[in-house]
Chemist: 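For reference, the structure I am asking about is given below.
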Amino acid sequence: MGHLKFEGVKIAGISACVPAKTIENSQFGSSLFTEEELKKTIDSIGVYQRHVSPSEICTSDLCFEAASELLEKLSVNREDVNAVIFVSQTPDYRLPATACILQDKLGLKKGTLAFDINLGCSGYVYGLSMAFSFLNQPAISKVLLLVGDTSSKNVSPQDKSSNLLFGDAGSATLIEKDSSASPVYCSLSSDGSGAKSLIIEGGGYRLPSSEFTVKVTEGPDKNLRSKENIFMDGPEIFNFTLREIPKDIIGLLDAANATVEDIDLFFFHQANKFMVDYLARKLKIPAEKYPLSLSSYGNTSSASIPLTIVDAENKLRAGRTRLVLSGFGVGLSWGSMLLDLNDCKILPVITI
Amino acid sequence: MKKVDFYSDIKEVLMIEASEVNENTPVQLTSLTTLAVMAFIDEHFNKQVKTADLKNINKISDLIGLIGPENLQ
(Lines give C-alpha, C1' and ligand atoms only; values in the text may rest on other atoms or scores of the structure.)
Protein backbone atom coordinates (compact mmCIF):
# COMPACT_ATOMS: atom_id res chain seq x y z
CA MET A 1 0.00 0.00 0.00
CA GLY A 2 1.13 3.58 -0.60
CA HIS A 3 1.78 6.06 2.15
CA LEU A 4 -0.94 7.89 4.07
CA LYS A 5 -0.66 11.58 4.84
CA PHE A 6 -2.64 13.48 7.46
CA GLU A 7 -2.77 17.24 7.90
CA GLY A 8 -4.18 19.51 10.57
CA VAL A 9 -3.96 16.97 13.40
CA LYS A 10 -1.84 16.67 16.53
CA ILE A 11 -1.32 14.59 19.65
CA ALA A 12 -2.37 16.77 22.61
CA GLY A 13 -1.29 14.40 25.38
CA ILE A 14 -0.17 10.89 26.27
CA SER A 15 -0.38 8.95 29.54
CA ALA A 16 0.31 5.36 30.57
CA CYS A 17 -0.61 3.10 33.47
CA VAL A 18 0.93 -0.15 34.70
CA PRO A 19 -0.10 -2.55 37.46
CA ALA A 20 1.85 -2.12 40.72
CA LYS A 21 2.85 -5.78 40.97
CA THR A 22 6.32 -6.42 39.57
CA ILE A 23 8.36 -9.50 38.76
CA GLU A 24 12.15 -9.30 38.89
CA ASN A 25 13.37 -11.63 36.17
CA SER A 26 16.58 -12.45 38.08
CA GLN A 27 14.35 -13.88 40.83
CA PHE A 28 12.34 -15.91 38.35
CA GLY A 29 12.20 -19.17 40.25
CA SER A 30 12.15 -21.78 37.55
CA SER A 31 13.88 -25.08 37.04
CA LEU A 32 13.69 -24.37 33.30
CA PHE A 33 16.79 -22.15 33.30
CA THR A 34 20.25 -22.73 34.70
CA GLU A 35 21.56 -19.67 36.52
CA GLU A 36 23.89 -18.82 33.64
CA GLU A 37 21.19 -19.36 31.05
CA LEU A 38 18.81 -17.09 32.95
CA LYS A 39 21.39 -14.31 33.10
CA LYS A 40 22.26 -14.61 29.41
CA THR A 41 18.59 -14.59 28.42
CA ILE A 42 17.81 -11.55 30.58
CA ASP A 43 20.81 -9.64 29.20
CA SER A 44 19.87 -10.48 25.62
CA ILE A 45 16.18 -9.59 25.82
CA GLY A 46 16.99 -6.63 28.09
CA VAL A 47 14.05 -7.23 30.44
CA TYR A 48 15.03 -7.00 34.11
CA GLN A 49 11.64 -6.17 35.58
CA ARG A 50 8.04 -6.44 34.40
CA HIS A 51 4.74 -5.13 35.75
CA VAL A 52 2.09 -7.83 35.69
CA SER A 53 -1.64 -7.63 36.32
CA PRO A 54 -3.39 -9.64 38.99
CA SER A 55 -6.47 -11.46 37.63
CA GLU A 56 -8.84 -8.66 38.64
CA ILE A 57 -7.06 -5.96 36.63
CA CYS A 58 -7.91 -5.93 32.91
CA THR A 59 -6.36 -3.88 30.11
CA SER A 60 -9.42 -1.61 30.17
CA ASP A 61 -8.74 -0.78 33.84
CA LEU A 62 -5.20 0.34 33.01
CA CYS A 63 -6.48 2.39 30.06
CA PHE A 64 -9.27 3.85 32.20
CA GLU A 65 -6.79 5.17 34.78
CA ALA A 66 -4.51 6.56 32.06
CA ALA A 67 -7.47 8.23 30.31
CA SER A 68 -9.00 9.70 33.50
CA GLU A 69 -5.69 11.28 34.45
CA LEU A 70 -5.06 12.60 30.94
CA LEU A 71 -8.51 14.19 30.56
CA GLU A 72 -8.16 15.81 33.95
CA LYS A 73 -4.63 17.15 33.42
CA LEU A 74 -5.52 18.47 29.97
CA SER A 75 -8.71 20.00 31.41
CA VAL A 76 -10.77 18.35 28.68
CA ASN A 77 -14.52 18.56 29.02
CA ARG A 78 -15.70 14.97 28.57
CA GLU A 79 -18.64 16.21 26.52
CA ASP A 80 -16.14 17.33 23.88
CA VAL A 81 -14.68 13.88 23.17
CA ASN A 82 -16.34 12.60 19.99
CA ALA A 83 -14.69 9.22 19.58
CA VAL A 84 -13.04 6.53 21.69
CA ILE A 85 -10.98 3.78 20.07
CA PHE A 86 -9.70 0.82 22.11
CA VAL A 87 -6.79 -1.14 20.59
CA SER A 88 -6.01 -4.41 22.32
CA GLN A 89 -5.89 -8.19 22.03
CA THR A 90 -6.92 -8.59 25.65
CA PRO A 91 -10.45 -7.14 25.77
CA ASP A 92 -12.82 -7.48 28.74
CA TYR A 93 -15.19 -9.80 26.88
CA ARG A 94 -15.47 -11.58 23.56
CA LEU A 95 -18.41 -9.22 23.15
CA PRO A 96 -19.37 -6.40 23.51
CA ALA A 97 -16.56 -4.10 22.39
CA THR A 98 -14.56 -2.79 25.35
CA ALA A 99 -14.63 0.74 23.84
CA CYS A 100 -18.39 0.90 24.54
CA ILE A 101 -17.83 -0.07 28.17
CA LEU A 102 -15.09 2.55 28.50
CA GLN A 103 -17.28 5.25 26.90
CA ASP A 104 -19.76 4.79 29.74
CA LYS A 105 -17.19 4.26 32.51
CA LEU A 106 -15.22 7.38 31.51
CA GLY A 107 -18.38 9.50 31.52
CA LEU A 108 -18.13 10.31 27.82
CA LYS A 109 -21.45 11.34 26.38
CA LYS A 110 -23.94 8.83 25.05
CA GLY A 111 -23.62 8.73 21.29
CA THR A 112 -19.80 8.88 21.31
CA LEU A 113 -18.31 6.93 18.40
CA ALA A 114 -16.69 3.85 19.99
CA PHE A 115 -15.10 0.67 18.66
CA ASP A 116 -12.27 -1.81 19.21
CA ILE A 117 -9.33 -2.65 16.98
CA ASN A 118 -7.83 -6.13 17.36
CA LEU A 119 -4.12 -5.54 16.81
CA GLY A 120 -1.03 -5.95 18.98
CA CYS A 121 2.49 -4.68 18.36
CA SER A 122 1.43 -2.50 15.39
CA GLY A 123 -1.77 -1.32 17.11
CA TYR A 124 -0.65 2.12 18.29
CA VAL A 125 0.31 3.25 14.79
CA TYR A 126 -2.93 1.84 13.34
CA GLY A 127 -4.96 3.48 16.12
CA LEU A 128 -3.32 6.87 15.57
CA SER A 129 -3.95 6.72 11.83
CA MET A 130 -7.61 5.86 12.47
CA ALA A 131 -7.92 8.79 14.90
CA PHE A 132 -6.27 11.16 12.41
CA SER A 133 -8.66 9.99 9.67
CA PHE A 134 -11.72 10.72 11.83
CA LEU A 135 -10.39 14.18 12.63
CA ASN A 136 -10.74 15.14 8.97
CA GLN A 137 -14.50 15.15 9.61
CA PRO A 138 -16.01 18.47 10.73
CA ALA A 139 -18.16 16.65 13.32
CA ILE A 140 -15.12 15.25 15.12
CA SER A 141 -12.73 17.45 17.09
CA LYS A 142 -11.26 15.20 19.81
CA VAL A 143 -10.47 11.47 19.71
CA LEU A 144 -9.40 9.41 22.70
CA LEU A 145 -7.16 6.48 21.72
CA LEU A 146 -6.80 3.79 24.39
CA VAL A 147 -4.14 1.18 23.68
CA GLY A 148 -2.89 -1.61 25.89
CA ASP A 149 -2.53 -5.28 26.71
CA THR A 150 -2.19 -7.66 29.61
CA SER A 151 -0.20 -10.22 27.63
CA SER A 152 1.43 -11.70 30.75
CA LYS A 153 -1.88 -13.47 31.39
CA ASN A 154 -1.51 -15.45 28.17
CA VAL A 155 1.94 -16.84 28.82
CA SER A 156 2.66 -20.39 29.92
CA PRO A 157 5.06 -20.22 32.90
CA GLN A 158 6.80 -23.26 31.39
CA ASP A 159 7.46 -21.57 28.05
CA LYS A 160 11.06 -20.40 27.91
CA SER A 161 10.45 -18.49 24.68
CA SER A 162 8.11 -15.98 26.34
CA ASN A 163 7.95 -16.35 30.14
CA LEU A 164 10.53 -13.62 30.86
CA LEU A 165 9.37 -11.21 28.18
CA PHE A 166 5.87 -9.84 28.60
CA GLY A 167 4.67 -7.04 30.87
CA ASP A 168 1.27 -5.35 31.09
CA ALA A 169 0.37 -1.72 30.40
CA GLY A 170 -2.40 0.56 29.20
CA SER A 171 -2.14 3.98 27.59
CA ALA A 172 -4.30 6.94 26.64
CA THR A 173 -3.62 9.44 23.87
CA LEU A 174 -5.73 12.49 23.09
CA ILE A 175 -5.70 13.58 19.47
CA GLU A 176 -7.19 16.82 18.18
CA LYS A 177 -7.27 19.26 15.29
CA ASP A 178 -4.44 21.78 14.84
CA SER A 179 -4.32 23.75 11.62
CA SER A 180 -0.66 24.69 12.20
CA ALA A 181 0.55 21.10 12.66
CA SER A 182 3.16 19.60 10.30
CA PRO A 183 1.94 16.77 8.07
CA VAL A 184 2.00 13.22 9.44
CA TYR A 185 3.23 10.40 7.17
CA CYS A 186 2.24 6.83 7.74
CA SER A 187 2.65 3.36 6.30
CA LEU A 188 0.42 0.41 7.30
CA SER A 189 0.99 -3.20 6.18
CA SER A 190 0.14 -6.84 6.79
CA ASP A 191 1.24 -10.36 5.84
CA GLY A 192 -1.19 -12.95 7.13
CA SER A 193 0.93 -15.80 5.76
CA GLY A 194 2.86 -15.42 9.02
CA ALA A 195 -0.25 -15.53 11.25
CA LYS A 196 0.86 -18.71 13.00
CA SER A 197 4.24 -17.27 14.02
CA LEU A 198 2.57 -15.49 16.94
CA ILE A 199 -0.79 -16.89 17.91
CA ILE A 200 -3.18 -18.02 20.64
CA GLU A 201 -5.03 -20.72 18.75
CA GLY A 202 -7.65 -21.74 21.30
CA GLY A 203 -10.59 -19.88 22.80
CA GLY A 204 -11.84 -18.19 19.62
CA TYR A 205 -14.36 -19.55 17.16
CA ARG A 206 -11.95 -21.61 15.01
CA LEU A 207 -10.92 -23.63 18.04
CA PRO A 208 -13.40 -22.92 20.86
CA SER A 209 -12.39 -23.28 24.49
CA SER A 210 -12.56 -26.90 25.64
CA GLU A 211 -10.72 -29.45 27.74
CA PHE A 212 -8.44 -29.92 24.75
CA THR A 213 -7.50 -26.21 24.45
CA VAL A 214 -6.46 -25.91 28.11
CA LYS A 215 -4.39 -29.10 28.14
CA VAL A 216 -0.66 -28.37 28.47
CA THR A 217 1.42 -30.24 25.88
CA GLU A 218 4.91 -30.01 24.41
CA GLY A 219 5.09 -27.72 21.38
CA PRO A 220 7.33 -28.03 18.29
CA ASP A 221 9.93 -25.94 20.12
CA LYS A 222 9.88 -28.35 23.14
CA ASN A 223 8.20 -25.76 25.38
CA LEU A 224 5.14 -26.66 27.42
CA ARG A 225 1.98 -24.66 26.76
CA SER A 226 -1.73 -25.04 26.10
CA LYS A 227 -3.65 -23.89 23.01
CA GLU A 228 -4.87 -20.95 25.11
CA ASN A 229 -1.34 -19.77 25.84
CA ILE A 230 0.62 -17.56 23.50
CA PHE A 231 2.85 -19.31 20.97
CA MET A 232 5.69 -17.23 19.60
CA ASP A 233 8.23 -18.33 17.03
CA GLY A 234 10.82 -15.71 18.01
CA PRO A 235 13.32 -16.42 15.21
CA GLU A 236 10.58 -16.27 12.55
CA ILE A 237 9.35 -12.93 13.93
CA PHE A 238 12.94 -11.69 13.95
CA ASN A 239 13.33 -12.82 10.35
CA PHE A 240 10.17 -10.95 9.36
CA THR A 241 11.36 -7.84 11.20
CA LEU A 242 14.71 -7.86 9.39
CA ARG A 243 12.97 -8.37 6.05
CA GLU A 244 10.24 -5.75 6.34
CA ILE A 245 10.92 -3.05 8.93
CA PRO A 246 14.12 -1.36 7.69
CA LYS A 247 12.67 -0.93 4.19
CA ASP A 248 9.34 0.22 5.66
CA ILE A 249 11.07 2.95 7.65
CA ILE A 250 13.32 3.97 4.76
CA GLY A 251 10.22 4.19 2.52
CA LEU A 252 8.46 6.33 5.11
CA LEU A 253 11.43 8.69 5.43
CA ASP A 254 11.61 8.96 1.62
CA ALA A 255 7.89 9.78 1.41
CA ALA A 256 8.38 12.56 3.95
CA ASN A 257 11.57 13.70 2.21
CA ALA A 258 13.47 13.15 5.45
CA THR A 259 16.58 11.24 6.55
CA VAL A 260 17.53 9.43 9.78
CA GLU A 261 19.45 12.58 10.79
CA ASP A 262 16.27 14.70 10.58
CA ILE A 263 14.52 12.55 13.18
CA ASP A 264 14.97 13.44 16.85
CA LEU A 265 13.75 10.14 18.31
CA PHE A 266 12.69 6.72 17.04
CA PHE A 267 10.18 4.78 19.12
CA PHE A 268 10.18 1.11 18.18
CA HIS A 269 7.83 -1.54 19.43
CA GLN A 270 9.75 -2.97 22.39
CA ALA A 271 9.96 -6.53 21.06
CA ASN A 272 13.18 -7.37 22.87
CA LYS A 273 16.48 -5.53 23.24
CA PHE A 274 18.44 -7.72 20.85
CA MET A 275 15.90 -7.17 18.09
CA VAL A 276 15.48 -3.42 18.61
CA ASP A 277 19.25 -2.87 18.86
CA TYR A 278 19.82 -4.81 15.67
CA LEU A 279 17.09 -2.93 13.83
CA ALA A 280 18.58 0.39 14.92
CA ARG A 281 22.08 -0.72 13.92
CA LYS A 282 20.83 -1.71 10.48
CA LEU A 283 19.21 1.70 10.04
CA LYS A 284 22.33 3.42 11.47
CA ILE A 285 20.34 5.05 14.30
CA PRO A 286 22.58 6.00 17.24
CA ALA A 287 21.64 4.61 20.68
CA GLU A 288 20.65 8.00 22.10
CA LYS A 289 17.97 8.33 19.42
CA TYR A 290 15.95 5.25 20.24
CA PRO A 291 14.75 5.08 23.85
CA LEU A 292 14.05 1.67 25.39
CA SER A 293 11.61 0.92 28.20
CA LEU A 294 12.17 -2.84 28.17
CA SER A 295 14.39 -3.00 31.23
CA SER A 296 11.63 -1.83 33.59
CA TYR A 297 8.47 -2.87 31.75
CA GLY A 298 9.28 -5.71 29.32
CA ASN A 299 7.46 -6.17 26.03
CA THR A 300 4.06 -4.56 26.63
CA SER A 301 2.66 -5.42 23.19
CA SER A 302 0.40 -2.66 21.81
CA ALA A 303 1.22 -0.30 24.71
CA SER A 304 4.97 -0.43 24.19
CA ILE A 305 5.29 2.66 21.95
CA PRO A 306 3.17 5.09 24.06
CA LEU A 307 4.68 3.68 27.29
CA THR A 308 8.20 4.22 25.93
CA ILE A 309 7.33 7.80 24.91
CA VAL A 310 6.01 8.49 28.43
CA ASP A 311 9.07 6.80 29.98
CA ALA A 312 11.40 8.92 27.79
CA GLU A 313 9.61 12.20 28.50
CA ASN A 314 12.90 13.87 29.54
CA LYS A 315 14.35 13.18 26.06
CA LEU A 316 11.63 15.16 24.28
CA ARG A 317 12.48 18.73 23.32
CA ALA A 318 10.68 21.65 24.90
CA GLY A 319 9.12 22.68 21.60
CA ARG A 320 8.82 20.48 18.56
CA THR A 321 10.22 16.94 18.55
CA ARG A 322 10.20 14.98 15.28
CA LEU A 323 9.47 11.29 15.83
CA VAL A 324 9.28 8.07 13.92
CA LEU A 325 7.11 5.36 15.48
CA SER A 326 7.37 1.77 14.29
CA GLY A 327 5.23 -1.16 15.47
CA PHE A 328 5.62 -4.69 14.13
CA GLY A 329 4.63 -8.23 15.08
CA VAL A 330 1.48 -10.29 15.59
CA GLY A 331 -0.64 -10.52 12.45
CA LEU A 332 1.80 -10.29 10.93
CA SER A 333 1.09 -6.59 10.92
CA TRP A 334 3.31 -3.54 10.90
CA GLY A 335 3.06 0.20 10.67
CA SER A 336 5.35 3.20 10.87
CA MET A 337 4.61 6.87 11.25
CA LEU A 338 6.56 10.14 11.08
CA LEU A 339 5.08 12.96 13.12
CA ASP A 340 5.98 15.95 15.26
CA LEU A 341 5.12 16.28 18.91
CA ASN A 342 4.54 19.93 19.61
CA ASP A 343 3.62 21.09 23.11
CA CYS A 344 2.33 17.62 23.82
CA LYS A 345 1.47 16.94 27.46
CA ILE A 346 3.28 13.80 28.62
CA LEU A 347 2.23 12.57 32.06
CA PRO A 348 4.36 10.42 34.39
CA VAL A 349 3.61 6.68 34.40
CA ILE A 350 0.69 5.86 36.70
CA THR A 351 0.70 2.72 38.86
CA ILE A 352 -2.42 1.01 40.19
CA MET B 1 34.34 -12.06 4.18
CA LYS B 2 37.69 -13.66 4.97
CA LYS B 3 37.38 -17.16 6.36
CA VAL B 4 39.62 -16.31 9.31
CA ASP B 5 37.35 -13.38 10.25
CA PHE B 6 34.30 -15.59 9.84
CA TYR B 7 35.70 -18.12 12.33
CA SER B 8 36.57 -15.43 14.83
CA ASP B 9 33.17 -13.70 14.51
CA ILE B 10 31.10 -16.86 14.58
CA LYS B 11 32.94 -18.01 17.72
CA GLU B 12 31.69 -14.87 19.44
CA VAL B 13 28.17 -15.03 17.94
CA LEU B 14 27.69 -18.63 19.03
CA MET B 15 29.52 -18.13 22.35
CA ILE B 16 31.75 -21.13 21.56
CA GLU B 17 34.19 -21.79 24.35
CA ALA B 18 36.65 -23.98 22.42
CA SER B 19 39.87 -22.09 21.68
CA GLU B 20 39.88 -22.94 17.98
CA VAL B 21 36.90 -23.02 15.66
CA ASN B 22 36.98 -24.92 12.36
CA GLU B 23 34.56 -26.57 9.95
CA ASN B 24 34.05 -29.52 12.26
CA THR B 25 33.27 -27.55 15.42
CA PRO B 26 29.85 -28.72 16.63
CA VAL B 27 27.02 -26.17 16.78
CA GLN B 28 23.97 -26.42 18.99
CA LEU B 29 21.63 -23.51 18.36
CA THR B 30 19.48 -22.20 21.22
CA SER B 31 16.70 -19.64 20.77
CA LEU B 32 19.16 -16.86 21.60
CA THR B 33 21.99 -18.02 19.34
CA THR B 34 19.48 -18.60 16.53
CA LEU B 35 18.64 -14.89 16.58
CA ALA B 36 22.32 -13.99 16.77
CA VAL B 37 23.16 -16.20 13.75
CA MET B 38 20.27 -14.71 11.75
CA ALA B 39 21.49 -11.20 12.53
CA PHE B 40 25.11 -12.16 11.66
CA ILE B 41 24.16 -13.63 8.27
CA ASP B 42 21.88 -10.69 7.49
CA GLU B 43 24.52 -8.14 8.40
CA HIS B 44 27.54 -9.70 6.69
CA PHE B 45 25.98 -11.60 3.79
CA ASN B 46 22.76 -9.64 3.24
CA LYS B 47 20.79 -12.86 3.38
CA GLN B 48 17.65 -13.52 5.43
CA VAL B 49 17.62 -17.14 6.54
CA LYS B 50 14.45 -18.85 7.69
CA THR B 51 14.05 -20.80 10.90
CA ALA B 52 13.66 -23.97 8.83
CA ASP B 53 17.09 -23.34 7.24
CA LEU B 54 18.65 -23.49 10.71
CA LYS B 55 16.95 -26.72 11.81
CA ASN B 56 19.71 -28.96 10.44
CA ILE B 57 22.73 -27.00 11.56
CA ASN B 58 24.95 -29.34 13.56
CA LYS B 59 28.42 -28.02 12.84
CA ILE B 60 30.18 -24.97 11.42
CA SER B 61 30.41 -26.52 7.94
CA ASP B 62 26.57 -26.61 7.82
CA LEU B 63 26.53 -22.87 8.46
CA ILE B 64 29.13 -22.29 5.73
CA GLY B 65 26.87 -24.30 3.38
CA LEU B 66 23.98 -22.00 4.24
CA ILE B 67 26.00 -18.83 3.70
CA GLY B 68 27.56 -20.21 0.51
CA PRO B 69 31.26 -21.20 0.61
CA GLU B 70 31.87 -18.85 -2.33
CA ASN B 71 31.18 -15.94 0.02
CA LEU B 72 34.18 -16.82 2.19
CA GLN B 73 37.71 -16.17 1.00
Side-chain angles (χ1 to χ4, degrees), chain A residues 25 32-34 36-47 158-165 191 193-194 196-198 219-223 225 231-248 271-284 299 332, chain B residues 1-21 23 25-72:
Chain A
N25 273 348
L32 296 172
F33 295 95
T34 64
E36 195 193 345
E37 207 182 358
L38 182 66
K39 190 182 175 306
K40 273 186 184 162
T41 306
I42 293 172
D43 288 344
S44 172
I45 63 175
V47 180
Q158 294 159 294
D159 182 348
K160 285 165 78 173
S161 71
S162 55
N163 60 5
L164 299 172
L165 190 61
D191 178 7
S193 71
K196 294 213 164 168
S197 303
L198 185 43
D221 58 354
K222 310 280 181 215
N223 281 300
R225 67 174 78 79
F231 167 77
M232 181 174 67
D233 184 341
E236 212 45 62
I237 299 283
F238 183 58
N239 187 35
F240 140 72
T241 306
L242 291 186
R243 194 174 62 238
E244 300 294 346
I245 307 311
K247 70 176 181 205
D248 190 50
N272 67 62
K273 188 171 187 299
F274 181 86
M275 199 185 282
V276 179
D277 280 346
Y278 188 74
L279 200 51
R281 201 163 94 209
K282 211 168 152 68
L283 285 160
K284 300 189 171 55
N299 175 338
L332 303 170
Chain B
M1 185 181 224
K2 284 186 180 157
K3 214 165 190 175
V4 55
D5 295 332
F6 168 76
Y7 284 135
S8 126
D9 286 0
I10 204 72
K11 176 172 155 50
E12 206 170 303
V13 167
L14 294 172
M15 296 181 263
I16 294 171
E17 280 168 13
S19 56
E20 199 187 318
V21 174
E23 291 190 2
T25 306
V27 172
Q28 200 173 13
L29 292 176
T30 64
S31 55
L32 289 181
T33 50
T34 298
L35 294 194
V37 165
M38 286 174 136
F40 174 76
I41 296 177
D42 174 69
E43 186 173 7
H44 295 284
F45 302 96
N46 196 24
K47 186 174 177 182
Q48 277 104 49
V49 294
K50 293 194 169 250
T51 334
D53 299 333
L54 295 171
K55 286 256 153 57
N56 299 317
I57 301 292
N58 299 311
K59 48 186 185 172
I60 294 291
S61 58
D62 298 330
L63 269 181
I64 294 176
L66 189 61
I67 290 163
E70 68 280 6
N71 293 314
L72 295 175

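In what follows, chains are A, B, ... by sequence order, proteins preceding strands, each numbered from 1.
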Chemist: So for A:Asp221, is it side chain, backbone, both, or neither that comes closer than 4.5 Å to the heavy atoms of chain B?
Modeler: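 Interface part for A:Asp221: neither.
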Chemist: What heavy-atom pair brings B:Ala39 and A:Phe274 nearest, and what distance separates the two atoms?
Modeler: CB-CZ, 4.0 Å
Chemist: Crowded around B:Lys47 NZ? As in, over 12 foreign heavy atoms under 6.0 Å?
Modeler: yes
Chemist: Does any backbone or side-chain atom of A:Lys40 lie under 4.5 Å from a heavy atom of chain B? Answer side chain, backbone, both or neither.
Modeler: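 Contact with chain B is through both the backbone and side chain of A:Lys40.
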Chemist: Is there a donor-acceptor pair closer than 3.5 Å between any side-chain N or O of A:Tyr278 and the backbone N or O of B:Phe40?
Modeler: no
Chemist: Take B:Asp42 and A:Lys282 through the side-chain contact (heavy atoms from CB on, under 4.5 Å) test and state the conclusion after the steps.
Modeler: CA-CA 10 Å; B:Asp42 174 69; A:Lys282 211 168 152 68; 2.9 Å; yes
Chemist: Are more than 12 heavy atoms from other residues, nucleotides or ligands located less than 6.0 Å from atom CD of B:Glu12?
Modeler: no
Chemist: Among the options B:Leu54, B:Val49, B:Thr34, pick out the one with the most heavy-atom pairs lying under 4.5 Å from chain A.
Modeler: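 That would be B:Val49.
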Chemist: Please look at A:Ser44 and chain B and tell me whether the side chain, the backbone, both or neither of the residue comes under 4.5 angstrom of a heavy atom of that chain.
Modeler: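 Side chain only.
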Chemist: Please output the side-chain donor-acceptor pairs of residues 235-245 of chain A that fall under 3.5 Å, not counting sequence neighbours, one pair per line with the distance.
Modeler:
residue  : atom : partner  : partner atom : Å
A:Glu236 : OE1  : B:Thr51  : N            : 3.3
A:Glu236 : OE1  : B:Thr51  : OG1          : 2.0
A:Glu236 : OE2  : A:Asn239 : ND2          : 3.3
A:Thr241 : OG1  : A:Ile237 : O            : 2.7

Chemist: Please state whether the side chain, the backbone, both or neither of B:Val37 comes within less than 4.5 Å of a heavy atom of chain A.
Modeler: neither
Chemist: Under 4.5 Å heavy-atom distance to chain A, tell me which part of B:Leu35 shows up: side chain, backbone, both or neither.
Modeler: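 B:Leu35 touches chain A through backbone and side-chain heavy atoms alike.
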Chemist: With sequence neighbours excluded, what pairs up with A:Lys196 under the salt bridge (Lys or Arg N to Asp or Glu O under 4.0 Å) test?
Modeler: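 Not a single residue meets the salt bridge (Lys or Arg N to Asp or Glu O under 4.0 Å) criterion with A:Lys196.
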Chemist: If you count heavy atoms of other groups shown closer than 6.0 angstrom to CD of B:Glu17, is the number above 12?
Modeler: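 For B:Glu17, atom CD is not crowded (no more than 12 foreign heavy atoms under 6.0 Å).
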